[in-house]
**Q** 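Sharing a structure with you now.
The sequence lines fix the lettering, A, B, ..., with proteins before strands; numbering per chain opens at 1.
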Amino acid sequence: MELLTNQILAGIATGAIYACMALAVVMIYQAIDHLNFAQGEMAMFSTFISWQLLQWGLPYWAAFLITLILSFVGGVLIERILFKPLAHAPVLTNVAGFIALFAIINSCAGLIWDFTIKEYPTPFGSAPFLGSQLISTHQAGMIGVTVLLLIALYAFFTYTRVGLAMRAAASVPESARLVGINTSWMIALGWGMAAAIGSIAGMLIAPVVFLEPNMMGGVLIYGFAAAVLGGLTSPFGAVIGGFLVGIIENLAGTYIPGVGNELKLPIALALIITVLVIKPAGLFGRPIVKRV
Amino acid sequence: MLLKRKLLIAAVASGAVAFASTGSALAQKKYDDGASDTEIKIGNIMPYSGPASAYGVIGKTEQAYFNKINAEGGINGRKITFLSYDDGYSPPKAVEQARKLVESDEVLLIFNPLGTPSNTAIQKYMNAKKVPQLFVATGATKWDEPKEFPWTMGWQPSYQSEARIYAKYLLKNKPDAKIAVLYQNDDFGKDYLKGLKDGLGAKTSMIVAEEGYETSEPTMDNHIVKLKASGADVFISITTPKFAAQAIKKLAEMNWTPLHIVSNVSSSVGGVLKPAGFENSQGILSANYGKDGADPQWDNDPGMKKFLDFLAKYYPEGNKLDGSVVYGYGVAQTMVKVLQMCGDDLTRENVMKQAASLKDFAPDTLLPGITINTSPTDFAPIKQLQMERFKGEKWELFGDIISSE
Amino acid sequence: MTAVQEIVTEAPAIEAVPKRAMTLGAGTSLIVLALLILFPLFVKNFIIFQMTMLLVYGLAVLALNILTGGSGQFSLGQSAFYAVGAYTSAILMEHAGVNYALTLPVAGFVCFLFGFLFGLPALRLSGIYLALATFALATAMPQLLKLGYFEYWTGGVQGLVVTKPDPPEIVQSVLKWSHLKMSQDMWLYYFTLVITIAIYIFSVNLLRSRSGRAFMAIRDNEIAASAMGVDVALYKTLAFGVSAAITGIAGGLGAIAVQFVAPDGYTITLAISLFLGMVVGGVGWLPGSIVGSAFIIFVPNIAEGISKGLSGAVFGVILFLVIFLVPHGARQVAMVAQHLLGRFKKR
């Protein structure tokens, strides 16, 4: 029984990582109706920038804020320069573009900062949280920040004009344009926000997994899975999805005999796909009705 | 008169013949593809991209080392041309690059190709083509088979032999230990685990928990939770640097203090222990055959000084704290030694012959007392390791130099 | 004011390739064929080996073109089928001593079943969700291959070494009689070429047939297709099966050419490369498969030649240039060329 609770707690702690990433994924999906494979690499690059700022002597929160702004600007620039020209190209060509972006960012990061792991500080400290040896104060802080981000995003999308405009531009672009929304800039805004959220995710994840160019590789696929499980249209679903993926994975690895450990990721993904078959829009997503 | 003349002619003739033959004996240079009066072409395959790209720095170090040798006059007057290709840690790509090096670039030999899968993929080809596959960059145990694969030779101590040393240590010092093992689920981890179990022999039951992990996993947390729950008091970490650091950190966070043994590939002070936190790494055991660049005890060591000079002059962006850089220097130095021993006979056969006759050769970066020895029946150049314990901010070697035989 | 449902009128994610543009013209095809047959006589064995791999990956991209370009199902999991085909061939050759040529139909059949079975649960998924499911399959495959249970057959993480075949007895006696020489590489190339041509012809006919039209109807508008009486479930799973079978045969050929199979050779990177090959060649345009295959084999080498440290970045930049200039892939280039040729002829 103790092992069960321990694994669940550990799953929640790891799940916080996935939840963070999943929020960024949902953000970009809201903007462009597609998953950006390079999201993880952008988050990693942002984290490296903040690491570099810290190396140059800036205090933590200054580096954090500057990185946030730089990431936002970077996201907008990438969209304007690289993906706006592809707006009329087929969807699959855009996906190829994401893959190309992934390769470029990963390679550049490797060249600039090399592949040895680097320690990344946390503003929350690493002491056991509430005496629990399974969740450190940092991981608790990570969960807290994720929940705050979630509330902020929910408020943004539901109550602000810009947020509503973005949702309109993503789901019914023609109608949105008719009402005077500049759909093109909405997409750029979406990219910028996704990049900024990604950078927060990266800066929260790095203290746990250590900073290096390949740090986000594993996390991204879990982030996708979490976002899809929770429903790509629901930030709340993304966060719940993240925690669920973390817990499922841990329990699968612990309790499925024989192959459970070696097949943790495939089993977790298989379970997610099973959920999708039953609820195609994810646990909390809005059902999508297709018209001919 | 006639006789005198005949004798004179005979003398001159025989003198000329003698002169001609000694002349040709002196000028007896033998070359295979890739070698000439002015050049030696060496091929190499490294993962510069993909999941193992962290090891690409080994190839860069070797390139820099050969640049140094060329700047100092080359090997017996010949410059080294180092052709290093990327295989992305993918065996089919490795086969393509190996064939390119041998058939298109016509190199003399392939030196230090990295990765067990890649090397297994090209082993049969290299031996069929009779091209040396020298000083392969993997610790798998199968590179020491001169009868079956006479053209393939390893360099570093094999994973199994290192694991056996830890097993021996535990049997001697902690015979009733309960061992938990965290291992990477690939050729490295599995080979190591086998060596550990072989070393424990009849007492494999000392292992109470085994957790394999994939390199795609973001954290080690759930594995450590499970291993702690087994009640073990010894933790053996068969991990690569990033995961070793994560494990050290998690152990500290969970307040679990078993006897912690970490594999040599993750024993780098700068690459693993510093990021994980020195305060979390006290008392960790490992074994090493080379000097650690972060360790101040080698600051005045002549070999290490040469290494640091080399970095400053030829590879300034190289990180002396990175174990891979130290490794690249040592193995490149061994290659240069073998080529020097070949003299003017730069045939592939002679290269293997010289590689198989190294006696007590000590590259700058090996621990004092550890030397390289090979013979026609022994294709394992480094067989010795010394155990070390982490104290303060550096490793303290202890015990004797142990041979893995 | 949150909507309970999202109602979308979906534009087809994958665009149609007009039927007459589906293959190269007769003339161009003959020229390409002649080139493919004659060139091995003039180049070194290593180049022949590279060309064999070009054909092998070309087959895999072709299979993906049928699945994604033909029936509109987005798959990032082809590496799984490729691996199954490769291992089937390798296991049959090394453990059961089966002749290499006979392993290919078996690999194809096994992969057809596998693809068909995977296609069943995938019926309910589409677009991004299907992509995730196939991605999951591709990530699972290397780990399945490493499983301890199968280690005796698969060689586990160490993989299996495969013996390279010699030209068969008949061919060898013909060669001896005509005083010609043929290396193992050359024989393997011609063997692969024959199979590639056969599968290409089969695929073109498949896409032109009734089944092909069913695929394309599903791709363009699934709901409308089912309303018109197309058995969507059958054709979707059939597409998966056929695509998997062809990829499996490619995998088998690849295993024989490389002479080695290991889990590390069949990772998600391979699936992504095949996907890129399809996009660069032109989605749904079968002749483009070879162009796509050439891109994924040679451009990384070129990128490495330009800069070793930044080889990934250079590759990404080249890829971006290609998709900026020709968003529809090589098909667009061929269309432009045809257009120019037409104008030239008119003069």
**Q** Using heavy atoms and a sub-4.5 Å threshold, report which of residues 258-267 of chain C line up against chain B, by residue number.
**A**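 The list, in residue order, reads C:Val258, C:Phe260, C:Ala262, C:Asp264, C:Gly265.
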**Q** So which part of B:Lys190 gets closer than 4.5 Å to some heavy atom of chain C, the side chain, the backbone, both or neither?
**A**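 Only the side chain of B:Lys190 comes within 4.5 Å of chain C.
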**Q** At a 4.5 Å cut-off on heavy atoms, which part of B:Tyr48 comes close to chain C: side chain, backbone, both, or neither?
**A**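 Just its side chain gets close to chain C.
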**Q** Could you check if a side-chain atom of C:Val161 sits within less than 4.5 angstrom of a side-chain atom of B:Gln123, using non-hydrogen atoms only?
**A**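 Not in contact.
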**Q** In terms of heavy-atom pairs under 4.5 Å with chain C, which of B:Ala121, B:Ala140, B:Ser118, B:Gly115 leads?
**A**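 Max contact count across the listed options: B:Ala121.
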**Q** Do side-chain atoms of C:Lys146 reach the backbone of B:Asn185 as a donor and acceptor pair under 3.5 angstrom?
**A**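 Yes, because the side chain of C:Lys146 sits within donor-acceptor range (under 3.5 Å) of the backbone of B:Asn185.
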**Q** State, yes or no, whether a side-chain contact exists between C:Asn301 and B:Gln97 at a heavy-atom distance under 4.5 Å.
**A**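 With C-beta onward as the side chain, the pair touches.
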**Q** For B:Tyr125, is it the side chain, the backbone, both, or neither that has a heavy atom closer than 4.5 Å to a heavy atom of chain C?
**A**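 No part of it gets close to chain C.
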**Q** Quick one, B:Arg99 and C:Asp185 - any side-chain contact, counting heavy atoms below 4.5 Å?
**A**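 Yes, close enough: below the 4.5 Å cut-off.
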**Q** In terms of heavy-atom proximity below 4.5 Å to chain B, should C:Thr163 be classed as side chain, backbone, both, or neither?
**A**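 When you check distances to chain B, atoms from both the backbone and side chain of C:Thr163 fall under 4.5 Å.
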**Q** Look at the side chain of B:Glu214 and the backbone N and O of C:Gln143, then say whether any donor-acceptor pair between them is shorter than 3.5 Å.
**A**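 Side chain of B:Glu214 to backbone of C:Gln143: no pair is present.
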**Q** If you count heavy-atom pairs under 4.5 Å between each of B:Lys142, B:Lys100, B:Lys124 and chain C, which one has the most?
**A**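 Greatest number of close heavy-atom pairs with chain C: B:Lys100.
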**Q** For chain C, which candidate among B:Thr116, B:Asp86, B:Asp187 shows the most heavy-atom pairs at distances under 4.5 Å?
**A**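 Top count of heavy-atom pairs under 4.5 Å with chain C: B:Asp86.
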**Q** Which one of B:Gly56, B:Ser49, B:Ser104, B:Ser84 has the most heavy-atom pairs closer than 4.5 Å to chain C?
**A**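 Ranked by heavy-atom pairs under 4.5 Å with chain C, first place is B:Ser84.
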**Q** To the nearest 0.5 angstrom, please state how far the NZ atom of B:Lys93 sits from the CG atom of C:Leu270.
**A**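 Those atoms lie 12.0 Å apart.
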**Q** Any non-hydrogen side-chain atom of B:Ser90 less than 4.5 Å from a side-chain atom of C:Thr269?
**A**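 Counting from C-beta outward, B:Ser90 and C:Thr269 never come under 4.5 Å.
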